[in-house]
K.L.:
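Following this message is one structure expressed as structure tokens.
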Amino acid sequence: MGILLVEDEPNVVSVIKRGLTTYGFEVSVAANGVTGLQMALDNNFDLVILDVMLPLMDGIQVCKRIREQKKTVPIIMLTALDSTENIVGGLDSGADDYMVKPFKIAELAARLRTLLRRSGAEIQANNSFAIDNLHIDTESKIAKRNNEVLKLTATEYRLLEYFIKNQRKVLSRIQILENVWDIDFNMGTNVVDVYVNYLRKKLEKNGGIKLIHTVFGMGYIMKEGDIDENTK
Ligand code: CA
């Protein structure tokens, strides 16, 4: 899935890009309206994510220009201004949907999937992930260990999904925080440790082997077996 993200805020770009990549999307970035418009017209992206407040040309103008060229690519607008005026302006300019910042990456990914389905684009992203005897289905959001359904809270589920999609990679607490909690978070990384402990207890409740390991000074890793010497 080729997604064009037109956004000038480097922090927002990195969070969205990293987040959507874990959901199986391929993200290209333009940092201003003029470059964004050019890239949208010159390439066949499956979808465009367009910020409203952009340097050189605002998102509403970019959207109008794309539509003037009769491009039918799905467009989703990002706006920090939650006034109805801006939202209506965005939709009038030809956008298909909008999201008000801050938002959760999981919600953005869900909106993208809906738009892509509507536009007939195929989603090749896999829905099921596994490690050891743990399986999750990202459509039904059901996690099972040894064929028994795990009773997880929404946050624990998102944390587990992030771990399982990134298994065998060392994930820092900041990375986990950015991908599992809100874009615009005001909390410390302690919440990550707390939830990792909740999740571990549920995963290991019926004697399952340990899957989430602490990597001292770095973060966490989901893998089978003991932690490697080099990541101790
Ligand atoms: Ca902006």
Side-chain angles (χ1 to χ4, degrees), residues 1-116 118-119 121 125 158 162 172-189:
M1 288 289 106
I3 307 272
L4 173 63
L5 170 63
V6 190
E7 166 66 81
D8 57 315
E9 209 72 53
N11 290 340
V12 180
V13 168
S14 88
V15 171
I16 294 181
K17 192 173 177 180
R18 208 183 303 149
L20 290 182
T21 306
T22 69
Y23 282 91
F25 296 103
E26 201 174 291
V27 184
S28 305
V29 178
N32 67 65
V34 171
T35 310
L37 175 62
Q38 207 54 54
M39 285 172 75
L41 295 180
D42 291 351
N43 302 279
N44 283 319
F45 287 103
D46 295 299
L47 190 144
V48 178
I49 301 172
L50 203 49
D51 187 30
V52 173
M53 306 288 269
L54 288 168
L56 303 181
M57 186 188 290
D58 69 51
I60 307 261
Q61 285 305 313
V62 174
C63 186
K64 279 186 184 151
R65 302 281 187 93
I66 293 174
R67 290 298 183 239
E68 276 166 18
Q69 304 287 316
K70 306 257 184 283
K71 281 248 180 187
T72 55
V73 58
I75 298 175
I76 182 162
M77 304 283 273
L78 302 182
T79 172
L81 321 155
D82 53 353
S83 73
T84 15
E85 227 167 88
N86 271 282
I87 291 165
V88 170
L91 296 176
D92 276 353
S93 68
D96 299 281
D97 200 359
Y98 67 91
M99 288 198 77
V100 178
K101 295 183 204 171
F103 50 80
K104 290 187 175 70
I105 290 294
E107 197 191 336
L108 177 62
R111 298 275 190 100
L112 298 189
R113 273 193 222 107
T114 306
L115 282 178
L116 289 167
R118 232 188 269 160
S119 76
R158 284 202 303 273
Y162 184 60
S172 72
R173 287 175 175 80
I174 290 286
Q175 246 174 310
I176 296 170
L177 195 57
E178 283 181 354
N179 284 282
V180 177
W181 278 266
D182 275 309
I183 272 192
D184 166 87
F185 51 83
N186 290 311
M187 40 193 170
T189 54

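In each ligand, atom 1 is the first atom listed, and ligand 1 is the first ligand listed. For clarity, every value in this text was computed on a predicted model and none was experimentally measured.
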K.L.:
Using 3.0 Å as the cut-off, note every protein N, O or S atom close to the Ca ion (ligand 1).
P.N.:
D8 OD1, D51 OD2, M53 O
K.L.:
Please round to the nearest 0.5 Å and tell me the distance separating atom CE of M77 and atom CG of D96.
P.N.:
10.5 Å
K.L.:
Under 4.0 Å between a Lys/Arg side-chain N and an Asp/Glu carboxylate O for K101 and E7?
P.N.:
yes
K.L.:
Considering the options D51, V100, I60, which one meets the side chain to side chain contact (heavy atoms under 4.5 Å, CB included) requirement together with T79?
P.N.:
V100
K.L.:
Rounded to the nearest 0.5 Å, how far apart are CZ of R65 and OG of S93?
P.N.:
12.5 Å
K.L.:
Could you grab the distance from atom OH of Y23 to atom CG of L108, nearest 0.5 Å is fine?
P.N.:
9.5 Å
K.L.:
Can you check whether K104's main-chain N or O pairs, donor with acceptor, with E107's side chain at less than 3.5 Å?
P.N.:
no
